[in-house]
Visitor: 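Got a structure for you, written out below as structure tokens; questions coming shortly.
Please read these numbers as outputs of a predicted model, since none were measured by experiment. Each chain gets a letter, A, B and so on, in the order its sequence line appears, and its residues count up from 1.
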Amino acid sequence: MAFEEDPEERGWIERARSGDARAFEALVRMHQKPIYGLAMRMLRDHDDADDIAQRTFLRAWDHLHEFEGRCALRSWLFRICMNLCKNHHRDRARFVDVDVPPEPAEEAVGSDRIERETLLEKLREAVSTLPPKQRATVEMRIYQDLPFKEIAAALETTENSSKVSFHLAVKTLKAKLGNIARLLSDGEEASR
Amino acid sequence: MSANANACERIGVLMAEWISGELDVESSAEVRTHLATCDSCRMEEAEMRGVIALLESDATASSGVRDPGDAY
């Protein structure tokens, strides 16, 4: 078997395939958070992410009979979600340059935290400008905690290609961020 | 491309899993041996650790942004 199959999930899939809407709802509950999370990371807009997540599950319901179980359901859902995000970008003819309004500062927030937030925002901007495949790989690897095997399945590529994409992405981010990454990393080490 | 450049390229591909401790014993030994003799890959490892730590820190900070609830 190429991936670790969850027997409970397999049961829900079989029941959903035969038209059991409650079984499909169980699958939605299992996966809605990571799917929404991926859409949010890719689009950086809550309403758009909600919309794409809903459409991901609608499409999955319509095409569940085509899911052959050769990869994890999560990878298959990620693939649908990624394709919808790509279509969304194309249709809107815009990428993620929409500024996310900063969270209102809390009274107790210190300058270190504000500085750190500024640096993290630079990181998010750098991630958003990566080439699409590298960006998707970083989003799934770091923000969704997927193994490279599942990332490869979601992006319809090889595991090695996913690792190469991730490596290139990290190198690109390092070049964009300069010494910031090292400074923050050193700070984290010191605070442990 | 020289044999050493090929080795560095291969180590670069393994680096993410090396850093996250996911490599098998054999590949880990390969990376460890290479890093012991290659200054540029050691420097790259340090830089990758910095970037990945930063990304993971952002992932942790972002993880509670919003729960999608039962909308679907």
Side-chain angles (χ1 to χ4, degrees), chain A residues 25 28-29 31-37 39-41 46 49-50 53-58 103 116-117 119-124 126-127 137-139 141-145 147-148 160-164 166-177 179-186 188-189, chain B residues 1-35 38-72:
Chain A
E25 283 171 17
V28 171
R29 280 195 296 275
H31 295 287
Q32 66 180 1
K33 199 164 183 177
I35 291 295
Y36 168 82
M40 183 60 202
R41 297 291 320 169
H46 292 302
D50 266 340
Q54 288 188 46
R55 287 166 57 194
T56 297
F57 288 110
L58 284 172
E103 295 286 329
R116 185 178 177 77
E117 268 308 307
L119 294 174
L120 287 178
E121 188 53 39
K122 285 185 193 300
L123 171 75
R124 291 171 201 138
V127 170
T137 304
V138 168
E139 299 289 358
R141 173 73 185 174
I142 298 290
Y143 296 93
Q144 305 300 328
D145 205 21
F148 283 112
N160 201 56
S161 174
S162 293
K163 291 176 187 176
V164 170
F166 185 78
H167 184 223
L168 291 174
V170 171
K171 285 177 84 161
T172 305
L173 291 174
K174 170 67 184 65
K176 284 176 187 281
L177 295 170
N179 289 326
I180 292 174
R182 180 167 289 175
L183 286 171
L184 269 182
S185 177
D186 291 348
E188 287 206 344
E189 289 293 327
Chain B
M1 186 181 284
S2 70
N4 199 44
N6 274 329
C8 293
E9 192 173 298
R10 173 168 163 71
I11 295 303
V13 171
L14 295 174
M15 198 71 88
E17 289 170 298
W18 160 256
I19 289 169
S20 61
E22 294 171 51
L23 279 187
D24 57 39
V25 175
E26 194 178 333
S27 299
S28 291
E30 182 186 348
V31 174
R32 197 176 297 114
T33 303
H34 182 86
L35 290 178
C38 182
D39 289 344
S40 69
C41 282
R42 269 205 308 278
M43 186 179 293
E44 186 163 315
E45 183 207 11
E47 291 173 351
M48 279 193 80
R49 282 189 187 278
V51 174
I52 289 173
L54 187 56
L55 285 164
E56 287 176 343
S57 150
D58 184 46
T60 304
S62 309
S63 61
V65 168
R66 184 182 170 188
D67 192 301
D70 298 320
Y72 319 127

Visitor: What residue, out of Val164(A), Asp145(A), Leu123(A), has the most heavy-atom pairs lying under 4.5 Å from chain B?
Guide: Leu123(A)
Visitor: Go through the atoms of Tyr143(A) and report whether side chain, backbone, both or neither lie under 4.5 Å from a heavy atom of chain B.
Guide: both
Visitor: Got a salt bridge between Lys122(A) and Asp58(B), using NZ or NE/NH1/NH2 to carboxylate O under 4.0 Å?
Guide: no
Visitor: What residues of residues 18-26 of chain B sit under 4.5 Å from chain A when only non-hydrogen atoms are counted?
Guide: Ser20(B), Glu22(B)
Visitor: Let's test your reading of the structure: which of Leu55(B), Val13(B), Ile52(B) forms the most heavy-atom pairs below 4.5 Å with chain A?
Guide: Leu55(B)
Visitor: After noting the C-alpha distance and the side-chain angles of His46(A) and Met40(A), does the key distance pass the side chain to side chain contact (heavy atoms under 4.5 Å, CB included) rule?
Guide: CA-CA 6 Å; His46(A) 292 302; Met40(A) 183 60 202; 3.5 Å; yes
Visitor: Give the C-alpha distance, both sets of side-chain angles, the deciding distance and a yes or no for side chain to side chain contact (heavy atoms under 4.5 Å, CB included) between Val138(A) and Val170(A).
Guide: CA-CA 8 Å; Val138(A) 168; Val170(A) 171; 5.5 Å; no
Visitor: Write down the atom of Thr137(A), the atom of Ser162(A), and the distance for their closest heavy-atom approach.
Guide: CG2-O, 3.5 Å
Visitor: Take a 6.0 Å sphere around CZ of Arg42(B) and say whether it holds more than 12 heavy atoms from other residues, nucleotides or ligands.
Guide: yes
Visitor: Quick one: are Glu17(B) and Lys163(A) in side-chain contact, heavy atoms under 4.5 Å?
Guide: yes
Visitor: Select one option (side chain, backbone, both, neither) describing which atoms of Ile142(A) are under 4.5 Å from chain B's heavy atoms.
Guide: both
Visitor: Would you please test Glu30(B) and Ile11(B) for side chain to side chain contact (heavy atoms under 4.5 Å, CB included) and show each step?
Guide: CA-CA 8 Å; Glu30(B) 182 186 348; Ile11(B) 295 303; 4.3 Å; yes
Visitor: Can a donor-acceptor pair be found between the side chains of His167(A) and Glu44(B) at a distance below 3.5 Å?
Guide: yes
